[in-house]
Amino acid sequence: MMLILLIVILMTGGIVAGIAARWNAAACRWLSLLAVTADFGIILTIWIQEGLSMTLTNSWLRDVYIPWIPSFGINFHLALDGLSLLMLVLTFFLGILAVLVSWNEIQYRIGFFHFNLLWVLAGITGVFLTMDLFLFYFFWEVMLIPMYFLIGIWGHENRQYAAYKFFIFTQASGLLMLLAILGLYFIHGDQTQVYSFDYFTLLGTALSPETGRWLMLGFLAAFIVKLPVVPFHTWLPDAHTEAPTAGSLLLAGLLLKTGAYGLIRFVVPLFPAASAAIAPWAMLAGVVGIVYGALQAYGQTDFKRLIAYTSVSHMGFVILGVFAFRELAMQGVVMQMITHGISTGALFILAGALYERIHTRNIEEMGGLWKKVPFMGVIAMVFAMASLGLPGLGNFIAEFLTLIGAWQASQPLTIVATAGLVVATAYSLRIMQKVFLGKTNTGYALHDLSLREKFILVPMCIVILWLGLFPQPVIDTSRPTVANSMHTDNHAALHRGAERNKVYEALTRSSHEQK
Amino acid sequence: MLSLLWLIPTLPFLGALILILTGSRIPQRVAARIGCGSIGLSAAITALVGYDFLATGQASYKFTAWTWFHVDGLSPGVTFYLDSLSLVFIFVITFVGFLIHIYSTEFMQTDEGFARFFAYLNLFVCAMLILVLADNLVLLYLGWEGVGLCSYLLIGFWYSEEKNGYAARKAFIITRVGDTAMAIGLFVLFSVFHTLNIQDILVQAPQVWTIGASSAVLVGFLLLGGAVGKSAQLPLQTWLPDAMAGPSPVSALIHAATMVTAGVYLITRMHGIYELAPLAQQWVGIIGAVTLLLAGCSALTQYDLKRVLAYSTISQIGYMFLALGVGAWSAAIFHFMIHAFFKALLFLSAGAVIMALHHEHDMFRMGGLRKKLPVIYYTFLIGAASLAALPFITAGFYSKDQILWLAWAGERGNLWFFIAALTGAFITAMYTFRMVFVTFFGEAKTHISHRPGKRMTIPLVILAVLSLIGGFIELPHTLGHVTLFSNILSPLLPAVPLREGVESTEWTLQLIAAAFSLGGIYIAYIFYIQQPKLADDLQSATRGVHQFWFRGWDLDALYDFVFVRPFVYLSKWNKGDVIDRFYTLLVRLTEYFNETFVRTQNGILRWYIMSIVAGAILIITISLFIQP
């Protein structure tokens, strides 16, 4: 029931906060903060409880199963394993920060803003939890629409365009996924006479290579647009740049991760054969993304746009790692999802903080700010180093594991991807040079980070260091999921699907008994 | 005592942490004490640990702080591994580092970034110690990148100058090119051995690989790639001369004594692999030989005092690579240590000179400092003599002589290596004493504004003493035959087998080397003291070559043309993202069709009727031709 509570808290919190804003803006902010913090507390409790008892054989920690529309085989089915647990921890951590960064930035339609913010989070939470494909699609949309409003209403100059673009890209690709979901539903139903949207039931559906490929491509479309993979990335620079700081934070930190999560959770397990067939191309796309994103990042002058392109580059590692089908690489991907969320999120927060002070995002107009805002400079240095993959910070673990795993799958691609790190160095150092170092631009009077901002950024620094030096808890948590997803051939998947069905039946039985 | 090992890198780290967290809020005096104190303690502990280690005669000592991560067979620990090789390195790092820290407290006295400077410097020492103490390649890589970061931060320490920032970024990016090769080397090693623990790899390597196995050679070259980047060897040496933009103590510590020799450490540490990869090892030697000549020639033509020293560092590390290339592991490490002494000394003295002359770098505007800065003069002279390998009395002679001898007599040595090393020795003596004569002799050209105090001169004197007597712990057969140094390293690093029938030539070669070194000094004397006009004439006669060498053989221009400019051009050209055009085009098309079809809805009835009729005719026509 805890799992439902996670979503319910956010949704009701959003409504209540939205209404509260009619009387008092501060109350609305505090209520939102409270709702997300409550969820963060719950998920941390679960992590601490389960963290020690996780085993390889049963990776499922929590399971909630409520029949919803039985005639169509649609159930309200949520389940939590290590991967979703980590994603949720990240979600609520960044969620708290998102509320905090908006504290001063958002000054109009405060209630509606927080309603949207919490509903995006609720949608993301649902996406990370649901094990019913119909429900999954529902949550996929839930996170899309409030995000559209966040960009379109509270964004920068060109927000309308960016919001439309974001919406159309995501929606169009999402519809392809819906088609694929329906296709899978009917094929499975025709074969077994069991019409169900349940993930565990659909796992191991026997598909001809041809059908498997098309259905897989449907899912893939939604996820690689979200991730994004070059050449489907062009919504991202616009959306990230135009969104308010909290929006950029959620987009980069979480929404992109839903794409990565989808690849790991759905594409590979549901269509192992088809995924294996497309793997070389997917890895190639990843490498192209790494290099292209980095090159593009180097050329930008808009701070937020620059960071947006670094996301494109970093997400290339994700698809490279997922389709390498190696445990090392997959662990790297999980680390990358978390560390990228933190490091890129922090850079967006810094960009937002600077924008609040000097009202420009053009890095050509900055320079020499270290002298005036040394604290901010140090934080920026930490995250610039994170984004170039300096060992000791979390991103290094992610990239190193991904690359060393990918090496066993494809050597030429790994070489190019590794060379991408040189370009990452170039753009990261360019950020530092243009913004904080160089000649002091005397035009600006600006103050260093406020207490609230330190409260946001210092924990992020600590977390990225912690992930770099002590990554093992994270690795252990995701290990069962990662290890189980490693068997790629169809036969093994079938076998595993059957096993999981048993586990899941046992679980549902026990949960029914509890009721 | 050995159990204190973990404190050696930890103390500088704590020092850096405190200085970063407190920032400029603490008084300079306190910051200096934290900065120097942490390194001083580290040095003291190193002495204790070293004594204990040598006294007990252990082969190695290992301390695991924690397992860094553990995934699918890859489980590097944060584990420090002490053996005689790492002992030599931590000794040099902490002791020379400590002296340089003391020196810096005076050198940086008036700088507003005093605390920041010591924070970076401490962090650097920590990273460097981790690099040499790492028991696995992943942790080594952490130290490796860590020193790269600190080098970047310290080269660009005076960040308001645009060109310092450029030099800093250049250093970081170019070394990262090498690091990429090294990272790929790690991937290969892991896929072969399923571990990245150094000792495990070295034990397994001879069992898995035969001599000359292709993957062994591949790994050899990839690690060499990392080494040439960090150690500023051909073709990645271009960053080091520019790195002189940093404060002089930084040049002394990072860009002379320690970080730039990380490549030498890496290759020595992985010597087991190079013994299985003769081709890669030979290339280590070739790169060393070519680099030492090229950089030597460039050093001859520089005006900036620190740039002469920078090219000289590249050249001297070339000697170390040459030694590695012929398998003279212990000779390379010996030269590393002696070089750390005299080159740190030279950089610190140069720093004192530059400070005394209002940050004047051009040595042709110095002159006549012999009388005015006597302490600096004598220490610099000793450093220079050691660098020029002045026979018999300087440490540099003994360390370089060993390399020269083994380049000729070693089993993997040959005539070409020897000729290169000998020519290099001649050039070295020449540019070194050119520097001495131009800076300290002749007329005074700039007024002296500041005389170095005790905190600067004492480290100089200590280093000068070391540059003289440091050589006596390892003397050749012909001159006393002392092998204290190589005895320490011998359990780890095999001695070089000599070619047959060369032993009798050792005396002759030593005399030749001594003659070349003295000859170089004499020529510098003729050119810059006796007949200064000669130097000018020669320079104008060979203007083209002079400029070419001055610009570092135009490699900068080449890289700029081949890599930098196309990259920058491409990224600027594609700022708007060409892929987005496709989607814009889609939108345009949609709008176009929209406009077109909007026009058909014009409210004129006869248009509609005409459309219906035309449509009907079209459908009927089509259905006549296509029968379903």
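Letters A, B, ... mirror the listed sequences (proteins, then strands); counts begin at 1.
- Neither the backbone nor the side chain of B:Trp144 comes within less than 4.5 Å of any heavy atom of chain A.
- Donor-acceptor pairing under 3.5 Å is recorded for the side chains of A:Gln296 and B:Asn574.
- Formation of a donor-acceptor pair under 3.5 Å by the A:Trp407 side chain with backbone atoms of B:Leu186 is not found in this model.
- Atom OG1 of A:Thr425 sits about 11.0 Å away from atom CG of B:Leu149, to the nearest 0.5 Å.
- You'll find the side chain of B:Ile184 stays beyond 4.5 Å of the side chain of A:Gln411, heavy atoms only.
- A:Thr301 has its side chain within reach of B:Lys575: a pair of non-hydrogen atoms, C-beta onward, lies under 4.5 Å apart.
- Residues A:Met432 and B:Arg169 form no side-chain contact, since every pair of their non-hydrogen atoms from C-beta on lies 4.5 Å or further apart.
- When B:Asn164, B:Val188, B:Ile174 are compared by the number of non-hydrogen pairs under 4.5 Å with chain A, B:Val188 comes out ahead.
- In this structure, B:Ser571 and A:Leu295 approach most closely via the heavy-atom pair CB-O, 3.3 Å.
- Looking only at heavy-atom pairs under 4.5 Å with chain B, the residue among A:Leu403, A:Val474, A:Thr414 that has the most is A:Leu403.
- Atoms CD1 and CZ, on A:Ile415 and B:Phe187 in that order, are 10.0 Å from each other to the nearest 0.5 Å.
- In the displayed structure, B:Phe221 atom CZ is contacted under 6.0 Å by more than 12 heavy atoms of other residues, nucleotides or ligands.
- With hydrogens and angles ignored, the 3.5 Å screen pairs no side-chain donor or acceptor of A:Trp370 with any backbone N or O of B:Tyr159.
- If you take CD1 on A:Ile404 and CG on B:Asp72, they are separated by 10.5 Å, rounding to the nearest 0.5 Å.
- Side-chain contact between A:Leu401 and B:Leu74: present, with at least one pair of heavy atoms (C-beta onward) separated by less than 4.5 Å.
- Within the 4.5 Å cutoff, the side chain of B:Tyr152 has heavy atoms near those of the A:Met385 side chain.
- Only the side chain of A:Val230 comes within contact range of chain B, with heavy atoms under 4.5 Å apart.
- Counting heavy-atom pairs under 4.5 Å between each of A:Leu469, A:Leu390, A:Ile397, A:Val378 and chain B puts A:Leu469 at the top.
- Not less than 6.0 angstrom separates the ring centroid of B:Phe69 from the ring centroid of A:Phe470.
- Using a 4.5 Å cut-off between heavy atoms, A:Phe232 contacts chain B through both its backbone and its side chain.
- Taken from CD in B:Glu145 to CG in A:Leu388, the straight-line distance is 8.0 Å, to the nearest 0.5 Å.
- Nearest approach of A:Val422 to B:Thr180, heavy atoms of both residues: CG2-OG1, 3.2 Å.
- Neither the backbone nor the side chain of A:Ile168 comes within contact range of chain B, judged by heavy atoms closer than 4.5 Å.
- You'll find the side chain of B:Phe190 reaches within 4.5 Å of the side chain of A:Gln408, heavy atoms only.
- Contacts between B:Leu196 and chain A at a heavy-atom distance below 4.5 Å involve the side chain alone, from C-beta outward.
- The main-chain N or O of B:His70 is found under 3.5 Å from a side-chain atom of A:Gln472 such that the two form a donor-acceptor pair.
- With contacts defined as side-chain heavy-atom distances shorter than 4.5 Å, the pair A:Pro231/B:Phe582 does not qualify.
- A:His233 and B:Asp577 share a donor-acceptor pair across their side chains, judged by distance under 3.5 Å alone.
- If you measure heavy-atom distances from A:Phe169 to chain B, the contacts under 4.5 Å come from the side chain alone.
- The greatest number of non-hydrogen atom pairs below 4.5 Å with chain B, out of A:Phe400, A:Tyr292, A:Trp235, is found for A:Tyr292.
- A:Val423 touches chain B through its side chain: at least one heavy atom from C-beta onward sits under 4.5 Å away, while N, CA, C and O do not.
- Within the model, atoms OG of B:Ser160 and NZ of A:Lys371 stand 4.0 Å from one another, a figure rounded to the nearest 0.5 Å.
- Around atom OH of A:Tyr164, no more than 12 heavy atoms belonging to other residues, nucleotides or ligands sit under 6.0 Å away.
- Remark: A:Lys165 pairs with A:Asp238, B:Asp580 by the salt bridge (charged side-chain N to carboxylate O under 4.0 Å, His left out) rule, at least two apart or across chains.
- At a threshold of 4.5 Å between non-hydrogen side-chain atoms, the residues B:Leu153 and A:Met381 count as touching.
- Contacts of B:Val564 with chain A are absent, with no heavy-atom separation under 4.5 Å from either backbone or side chain.
- Taking the six-membered ring where the residue is Trp, B:Tyr141 and A:Phe396 present parallel rings, their angle staying beneath 30° rather than reaching 60°.
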